[in-house]
Engineer: 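First the structure, then my questions, so here it is.
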There are 2 protein chains.
Amino acid sequence: MAGKRERIAIRRIDNLAARQVTFSKRRRGLFKKAEELSILCDAEVGLVVFSATGKLFNFASSRT
Amino acid sequence: MAGKRERIAIRRIDNLAARQVTFSKRRRGLFKKAEELSILCDAEVGLVVFSATGKLFNFASSRT
DNA sequence: CGAGCTATGTATAAGTA
DNA sequence: TTACTTATACATAGCTC
């Protein structure tokens, strides 16, 4: 019923809806990886993302 | 000879050598994902990482 | 430290609802 | 859209050089 994943080319996704869905999914994945890297490797990580519509998302590791 | 991968917990890797190797591998993966997100979704992304030893790595999307 | 290798874990492209 | 499902692409832990 689902799951026919194909490889995709790394270039701007034309379809707006698809692009937004992909943005949400990959953004979460990216932030998760960023946090994992900081924890696993005791590194400091700062990440800032602006969506195409200007919405801000950010992460910063902190050892206070 | 190789490939007996186990799942790992997300907490600081104690062994220094292992931590550094993981840092190198995951850092590359993270930067790759960051670039892909910026391209695929037309987003602006800024990423800065300091290794535990203070080495800097950074990426910034640019539509200039 | 970096460069393969490979088994596995994980992320995610498409579909469905 | 927003969530959930699932097949599959991709990332990567553990080794070996």
Side-chain angles (χ1 to χ4, degrees):
Chain A
M1 304 4 190
K4 202 141 302 190
R5 188 188 181 195
E6 292 170 32
R7 69 196 315 288
I8 63 162
I10 301 302
R11 62 155 183 268
R12 182 172 180 284
I13 296 172
D14 294 313
N15 184 279
L16 175 61
R19 195 193 317 141
Q20 295 180 318
V21 170
T22 293
F23 179 73
S24 295
K25 292 181 177 179
R26 281 181 171 257
R27 176 172 47 76
R28 289 189 209 119
L30 182 65
F31 277 85
K32 184 180 178 186
K33 293 271 188 188
E35 181 173 31
E36 293 184 347
L37 180 67
S38 70
I39 296 173
L40 288 169
C41 307
D42 198 29
E44 295 193 62
V45 178
L47 175 60
V48 177
V49 175
F50 281 99
S51 69
T53 57
K55 198 166 182 179
L56 167 70
F57 300 90
N58 68 92
F59 166 77
S61 61
S62 172
R63 21 177 98 137
T64 308
Chain B
M1 316 296 220
K4 204 139 300 191
R5 187 188 185 194
E6 294 171 32
R7 75 191 310 291
I8 63 163
I10 301 302
R11 61 155 180 273
R12 182 171 179 285
I13 297 171
D14 294 314
N15 184 279
L16 174 62
R19 197 194 315 142
Q20 294 181 319
V21 170
T22 293
F23 179 72
S24 294
K25 291 182 175 180
R26 280 179 171 257
R27 175 171 46 76
R28 290 190 200 116
L30 182 65
F31 277 85
K32 184 181 179 186
K33 292 271 188 189
E35 181 174 32
E36 292 184 347
L37 180 67
S38 70
I39 296 173
L40 288 170
C41 306
D42 200 28
E44 296 194 62
V45 178
L47 174 61
V48 57
V49 175
F50 281 98
S51 69
T53 56
K55 199 167 182 179
L56 167 70
F57 300 91
N58 69 93
F59 166 76
S61 61
S62 171
R63 30 174 90 138
T64 305

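Quantities reported herein were computed from a predicted structural model and do not represent experimental measurements. A note on names: the letters A, B, ... follow the listed sequences, proteins ahead of strands, and every chain is numbered from 1.
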Engineer: Nearest whole Å is fine: how far is C/dA14 P from A/Ile13 CD1?
Structural biologist: 8 Å
Engineer: B/Asn15 CG to D/dA13 C1': how many Å, rounded?
Structural biologist: 13 Å
Engineer: Round to a whole Å and report the spacing from CZ of A/Arg27 to P of C/dT12.
Structural biologist: 12 Å
Engineer: I need the CG-C1' distance between A/Leu30 and D/dC10, as an integer number of Å.
Structural biologist: 15 Å
Engineer: Distance check needed: D/dA9 C1' versus A/Ile10 CD1, whole Å only.
Structural biologist: 11 Å
Engineer: List the atom of B/Ala43, the atom of A/Phe23, and the distance in Å for their closest heavy-atom pair.
Structural biologist: CB-CE1, 3.7 Å
Engineer: What closest approach, in Å, do B/Asn58 and B/Phe31 show between heavy atoms, and which atom pair accounts for it?
Structural biologist: C-CE2, 3.4 Å
Engineer: Atom CG in B/Leu30, atom CG in A/Leu30: separation rounded to 0.5 Å?
Structural biologist: 5.5 Å
Engineer: Does A/Lys32 make a side-chain N or O approach to OP1 or OP2 of C/dA11 shorter than 4.0 Å?
Structural biologist: yes
Engineer: Base, sugar-phosphate, or nothing for B/Ser24, non-hydrogen atoms under 4.0 angstrom?
Structural biologist: sugar-phosphate
Engineer: OP1 or OP2 of D/dT12 less than 4.0 angstrom from a side-chain nitrogen or oxygen of A/Lys33, does that happen here?
Structural biologist: yes
Engineer: For C/dT12, take OP1 and OP2 only and decide whether either is under 4.0 Å from a side-chain N or O of A/Thr22.
Structural biologist: no
Engineer: Under 4.0 Å, heavy atoms only, any strand: does B/Arg28 hit a base, just the sugar-phosphate, or nothing?
Structural biologist: sugar-phosphate
Engineer: For A/Arg5 and A/Gln20, find the nucleotide of DNA chain D closest to each by heavy atoms; which residue's nucleotide sits nearer the 5' end?
Structural biologist: A/Gln20
Engineer: Could you tell me if the side chain of A/Asn15 sits less than 4.5 Å from the side chain of A/Arg19, heavy atoms only?
Structural biologist: no
Engineer: Rounded to whole Å, how long is the line connecting atom CD of A/Glu35 with atom C1' of C/dT10?
Structural biologist: 16 Å
Engineer: Is there a donor on the side chain of B/Lys25 or the base of D/dG14 sitting less than 3.5 Å from an acceptor on the other?
Structural biologist: yes
Engineer: Assign each of A/Arg7 and A/Leu16 to its nearest nucleotide of DNA chain D by heavy atoms, then name whichever residue's nucleotide is nearer the 5' end.
Structural biologist: A/Leu16
